[in-house]
S.K.: 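My questions all concern the structure below.
One-based numbering along the sequence shown.
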Amino acid sequence: MFTKPVLLVIAHGSRDPRHAATVHALVRRVRSLRPDVRVETGFLDFNIPSVQAVLESLAAEGVRDVVALPLLLTRAFHAKADIPAVLRDAPRRLRIRQAEVLGPSPLLMAALERRLYEAGLTPADKSSTGVVLASAGSTDPEAIAVIAEIAREWRHTGWCAVRPAFASASLPRTEDAVRELRELGCERVAVAPYVLAPGFLPDRIARGAAEADVLADVLGAAPEVARVLLERYDAARVPVLAAVGA
C-alpha cells in the first residue's frame, strides 16, 4: 500500500507516437527506482489519459495528496500557465503541490554528456570538440536565459566551445550554431539535443545537425532524468500544499 503522495508526471503530449512511448519508458524507470511511490502519467494534449482525467480518477479512489511534476526542462509557458490552470480545475478534495521543472540540474548535464559518448565521442575528445546545446526554444526570456547559462557552465567542463541553439521561437538555429563552431576552429562539432522525447522539434534539431560530426540522442528515459524526477518529487512532497483553490 502506498503511503506517500501520488507522483503525477505531466507531459506535454504529441501526435508523434515516439513521444508517449518515451514518456512511459521514463515513468517505468522511475517506478523501478522507487517502488514505494505510486506514479501516474497525464498529458496536456494529444495523448490520453489527460491530466484532468487522472486527477478525477485519483479523487474517486479516495487519494488525497498529489505531487504534480511538469515533465519540462525549463520554466516557461506550460509550467507557468497551462499546468497551474489544469490543477486549479482539479477535484477540490485533492491536495496538490506543483513540483519544480527538471532543469537545470547537474544530473541532466551528466545525461547530456553520456548521450554524446554513446554517440561516439570519448572524454579525450572534449578539448577539441564544440558542442551545440540544442533545445526546443521558447518565447519566454527566462527559459532562454537558462539555456544560455547552461551552455556557459558546460563550456567550463572542458569542451572546446558550447553554443546554445533553438528549434523554434528563438535564434540561433542548430545549423547556424554548427557553422559558428566550425568557423571558431573546433576540430569536430557535436549536437546535444536538450529535449526529453522525440517529436517534431527534435526532428528539426536533427535536420539542423546535418553538417555536424556527431548527433546525440534525446535525453529520453536516461537514469539521470529519472533521478531528477525523484529529486523534484521529494523536494515538493513535504509539505503538500492545501487543495488547489482552497
Side-chain angles (χ1 to χ4, degrees), residues 12 14 16 18-19 22 71-80 101-220 222 224-225 228:
H12 182 273
S14 170
D16 189 321
R18 296 173 298 168
H19 175 90
T22 302
L71 198 59
L72 301 168
L73 294 173
T74 58
R75 183 173 157 74
F77 181 79
H78 294 303
K80 294 178 178 179
V101 297
L102 303 185
S105 166
L107 284 170
L108 295 179
M109 303 308 299
L112 284 169
E113 291 215 359
R114 192 161 59 78
R115 290 295 190 228
L116 286 170
Y117 298 149
E118 291 170 351
L121 293 178
T122 70
D125 296 323
K126 291 184 74 167
S127 63
S128 58
T129 302
V131 178
V132 178
L133 179 68
S135 74
S138 174
T139 57
D140 188 305
E142 178 186 348
I144 297 304
V146 167
I147 298 299
E149 180 59 26
I150 291 172
R152 283 192 293 270
E153 291 183 2
W154 204 12
R155 164 67 180 86
H156 295 310
T157 65
W159 296 101
C160 173
V162 180
R163 294 290 185 272
F166 307 95
S168 67
S170 306
L171 295 174
R173 295 286 182 257
T174 302
E175 53 268 34
D176 298 325
V178 168
R179 293 190 196 101
E180 181 184 351
L181 291 172
R182 290 273 189 229
E183 293 168 359
L184 192 64
C186 296
E187 185 176 317
R188 68 184 65 78
V189 176
V191 174
Y194 190 57
V195 292
L196 286 167
F200 175 75
L201 293 178
D203 284 349
R204 181 179 287 178
I205 289 172
R207 290 193 297 272
E211 296 181 8
D213 301 293
V214 173
L215 171 62
D217 199 358
V218 299
L219 293 171
E224 297 92 343
V225 179
V228 176

S.K.: Work out which heavy atom in Ala209 is nearest to a heavy atom in Thr174; give both atom names and the distance.
M.R.: N-CG2, 4.0 Å
S.K.: By side-chain contact (heavy atoms from CB on, under 4.5 Å), which residues pair with Arg152, not counting sequence neighbours?
M.R.: Ala148, Glu149
S.K.: On a heavy-atom basis, which atom in Thr22 and which in Gly220 lie closest, and how many Å separate them?
M.R.: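 Minimum heavy-atom separation between Thr22 and Gly220: CG2-CA, 3.6 Å.
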S.K.: Report, one line per pair, each donor and acceptor closer than 3.5 Å where one atom sits in a side chain of residues 128-138; sequence neighbours left out.
M.R.:
unit_1, atom_1, unit_2, atom_2, d
Ser128, OG, Asp125, O, 3.2
Ser128, OG, Arg188, NH1, 2.7
Thr129, OG1, Asp125, O, 2.7
Thr129, OG1, Arg188, NH1, 3.0
Ser138, OG, Asp140, N, 2.9

S.K.: Tell me which pairs pass salt bridge (Lys or Arg N to Asp or Glu O under 4.0 Å) where either residue lies in residues 154-171, with sequence neighbours left out.
M.R.: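 Listed once each, the pairs are Arg163-Glu180.
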S.K.: Quick one: salt bridge (Lys or Arg N to Asp or Glu O under 4.0 Å) partners of Glu153, sequence neighbours excluded?
M.R.: none
S.K.: For Ala111, check side-chain contact (heavy atoms from CB on, under 4.5 Å) against everything at least two apart and list the hits.
M.R.: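 If we apply the side-chain contact (heavy atoms from CB on, under 4.5 Å) test to Ala111, skipping adjacent residues, the hits are Leu219, Ala222, Glu224.
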S.K.: Any idea which heavy atoms bring Leu112 and Pro193 closest together, and the distance?
M.R.: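 Result for this residue pair: CD2-O, 3.7 Å.
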S.K.: Please check: side-chain N/O of Thr74 versus main-chain N/O of Ala76, any donor-acceptor pairing under 3.5 Å?
M.R.: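 Not at all, since once roles are kept as given, no pair shorter than 3.5 Å links the two residues.
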S.K.: Could you list the residues that satisfy salt bridge (Lys or Arg N to Asp or Glu O under 4.0 Å) with Lys126, not counting sequence neighbours?
M.R.: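 Per chain and number, Lys126 pairs via salt bridge (Lys or Arg N to Asp or Glu O under 4.0 Å) with Glu113.
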S.K.: What ring-ring contact (aromatic ring centres under 6.0 Å, His included) pairs are there with at least one residue in residues 158-186, not counting sequence neighbours?
M.R.: Trp154-Trp159
S.K.: Less than 3.5 Å apart, which donor and acceptor atoms pair up between the side chains of residues 194-207 and the rest of the protein, not counting sequence neighbours?
M.R.:
unit_1, atom_1, unit_2, atom_2, d
Asp203, OD1, Arg18, NH2, 3.2
Asp203, OD2, Arg18, NH2, 2.9
Arg204, NH1, Ala167, O, 2.7

S.K.: Sequence neighbours left out, what passes side-chain contact (heavy atoms from CB on, under 4.5 Å) with Ser105? Give chain and number order.
M.R.: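 Residues passing side-chain contact (heavy atoms from CB on, under 4.5 Å) with Ser105: Leu107, Leu108, Val228, Arg232.
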S.K.: Would you check if the side chain of Asp213 reaches a backbone N or O of Val189 as a donor-acceptor pair within less than 3.5 Å?
M.R.: yes
S.K.: Output all residues satisfying salt bridge (Lys or Arg N to Asp or Glu O under 4.0 Å) with Arg173, sequence neighbours left out; order by chain, then residue number.
M.R.: none
S.K.: Who passes salt bridge (Lys or Arg N to Asp or Glu O under 4.0 Å) against Asp217, sequence neighbours left out?
M.R.: none
S.K.: Got a sec, which residues hit side-chain hydrogen bond (donor to acceptor under 3.5 Å, both in side chains) with Glu142, two or more places apart in sequence or on another chain?
M.R.: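 So Glu142 forms a side-chain hydrogen bond (donor to acceptor under 3.5 Å, both in side chains) with Lys80.
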S.K.: Look up atom CG in Asp176 and atom CG in Leu181, then write down how far apart they are to the nearest 0.5 Å.
M.R.: 11.0 Å
S.K.: Atom CD1 in Ile144, atom CD1 in Ile147: separation rounded to 0.5 Å?
M.R.: 7.0 Å
S.K.: Between Glu118 and Arg114, is there a salt bridge with N-O shorter than 4.0 Å?
M.R.: yes
S.K.: I need the minimum non-hydrogen distance between Ala79 and Val101, along with the two atoms involved.
M.R.: CB-CG1, 3.7 Å
